[in-house]
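Everything numeric in this text was worked out from a predicted model, so none of it was measured. All values below were derived from every heavy atom in this structure, side-chain atoms included, with hydrogens, water molecules and symmetry-related copies excluded.
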Amino acid sequence: MGISLRLAFVFFAAFYSVAGSKLGDHTTERRSTGASFGATFFVDGQYGNDSNAGTLQAPFLTLNQARNAIRTLKSSLGGSLPAGGVLVQVRGRDYAFLSAPFTLSQQDSGTAQSPIVYQSYPGDPSAHLLGGTYVTPNMYTPVTEQWVLNLIGNGTSVVQVDLKKLGILSYGDLATGGLGNCNNNKLELFYPNRVMVLARYPNISPSGVWQFMLAGKVLDTQKSFVYNSSRISQWKNTSTLWLHGFWSYDWADNYIKVVLVNTTLSAFVINNVTTPPLYGFLSSARYYALNILEELDAVNEVRPTMSIYTHLHKHPHHTYPPCTPKSVVNVVSGPLLPP
């Protein structure tokens, strides 16, 4: 979702370190005054502009522009930094990374004598780095599309938000990730500071314990098995259905994409080319189904499409929109800061 932190990054020749309240004693004077730095840039995520010069009176808007300005400065000095290095002071705002995380490479390194330091502006609150965008309570609206109501039921307490209006055009995707292969790039909603789970069956218990179904007869060890719940045959929209299970061993899990729910045989048929079950199917393997709009029936569940449909309330008499803290739609995969 995001990181709240007091920014204090020091970049040396071949490596960098990220610190909180402690840096080396040699940086104390620089951090407090900036007087010993050869150049100083300022970033303000609310009032800045990337066409500005990066001064206190005309700050940049983004960390990326501050990084680029340092690269330009370094290039103008023949690949060196000014004596004393470069300081970037970051105002205590929100900094959203919607398309990619903040990245740094070898060319962004300084030296022990001329470091590149990113730090919070003195006296400001912590900067907040977001891998997404905020959703405020007034953005949530009741579900009105009849096809959705036909699936989740009328009189529901589910609300929605239009992702296009937030400038989000990519909704992420599930992948076969599991044991040793965590490739999932699914869109996530944090509400207010807790990640919501994809709509699933069976639900997570009120005490937080994951619930599973058990696979029935295996029709093909790599492709199909029988399910034992009549509820599954009633699902009308299974085009986005995935299964997450421990198909042969309780230490080996992965996600698989369902291509067909065969209600005649009460069986799942999966895409065994791109999402094969790890070690094949065994009967009695434990699994659950996920990403099903019709199973959006529990608090803290979510189903992302062009609109996010989310179940935020414990009781259907709650009013819309939710009178709660703002939430965050996370759209960036990978770390917000370089590893």
(request) Enter the distance from Leu73:CG to Ser80:OG here, rounded to the nearest 0.5 Å. (result) 10.5 Å
(message) Does the plane of the ring in Trp251 sit parallel, tilted or perpendicular to the ring in Tyr249? Use 30° and 60° as the thresholds.
(response) parallel
(request) Calculate, to the nearest 0.5 Å, the distance between atoms CG and CG belonging to Leu130 and Asp94 respectively. (result) 5.0 Å
(message) Do Arg71 and Asp108 have side chains that approach each other closer than 4.5 Å (heavy atoms only, starting at C-beta)?
(response) yes
(message) What's the separation between atom CD in Gln211 and atom CZ in Arg200, rounded to the nearest 0.5 Å?
(response) 8.0 Å
(request) Mind jotting down which residue pairs meet the salt bridge (charged side-chain N to carboxylate O under 4.0 Å, His left out) criterion with at least one end in residues 209-224? Sequence neighbours excluded, please. (result) none
(message) Less than 4.5 Å apart, side chain to side chain, heavy atoms only: is that true for Leu214 and Phe212?
(response) no
(message) For Tyr287, run the ring pair (Phe, Tyr, Trp, His ring centres under 6.0 Å) check against Trp247, Trp242, Tyr255 and tell me which one passes.
(response) Trp247
(message) In the structure I gave you, are the side-chain heavy atoms of Glu294 and Tyr201 within less than 4.5 Å of one another anywhere?
(response) no
(message) Can you confirm whether the side chains of Ser239 and Asn237 place a donor and an acceptor under 3.5 Å from each other?
(response) yes
Please table the atom pairs, donor to acceptor, closer than 3.5 Å between any side-chain atom in residues 57-65 and protein atoms at least two apart or in another chain.
residue : atom : partner : partner atom : Å
Thr62   : OG1  : Asp50   : OD1          : 3.2
Thr62   : OG1  : Asp50   : OD2          : 2.9
Thr62   : OG1  : Gln65   : N            : 3.1
Asn64   : OD1  : Arg67   : NH1          : 3.4

(request) Not counting sequence neighbours, list each pair that qualifies as a side chain to side chain donor-acceptor pair (under 3.5 Å) and has a residue in residues 261-274. (result) Asn271-Thr274
(request) Could you tell me whether the side chain of Gln89 reaches within less than 4.5 Å of the side chain of Ser120, counting heavy atoms only? (result) no
(message) Test: salt bridge (charged side-chain N to carboxylate O under 4.0 Å, His left out). Region: residues 203-212. Which pairs qualify, not counting sequence neighbours?
(response) none
(request) Check step by step if side chain to side chain contact (heavy atoms under 4.5 Å, CB included) holds for Phe268 and Thr238. (result) CA-CA 11 Å; Phe268 291 119; Thr238 58; over 6 Å; no
(request) Evaluate whether atom OH of Tyr47 has more than 12 neighbouring non-hydrogen atoms of other residues, nucleotides or ligands under 6.0 angstrom away. (result) no
(request) Using atom types as modelled and distance alone, determine if a side-chain donor or acceptor of Ser114 lies under 3.5 Å from a backbone N or O of Thr111. (result) no
(message) For Arg286, is there an ion pair with Asp250 - N to carboxylate O distance below 4.0 angstrom?
(response) yes
(message) For a 4.5 angstrom cut-off between non-hydrogen side-chain atoms, does Phe102 reach Tyr95?
(response) no
(message) By the salt bridge (charged side-chain N to carboxylate O under 4.0 Å, His left out) test, which pairs, at least two apart or in different chains, include something from residues 256-269?
(response) none
(message) Between Leu87 and Gln119, is there a side-chain heavy-atom distance shorter than 4.5 Å?
(response) yes
(message) With heavy-atom distances below 4.5 Å as the criterion, would you say the side chains of Val261 and Tyr227 are in contact?
(response) yes
(message) Suppose we screen for side-chain contact (heavy atoms from CB on, under 4.5 Å). Which residues come up paired with Ser248, at least two apart in sequence or across chains?
(response) Tyr279, Leu282
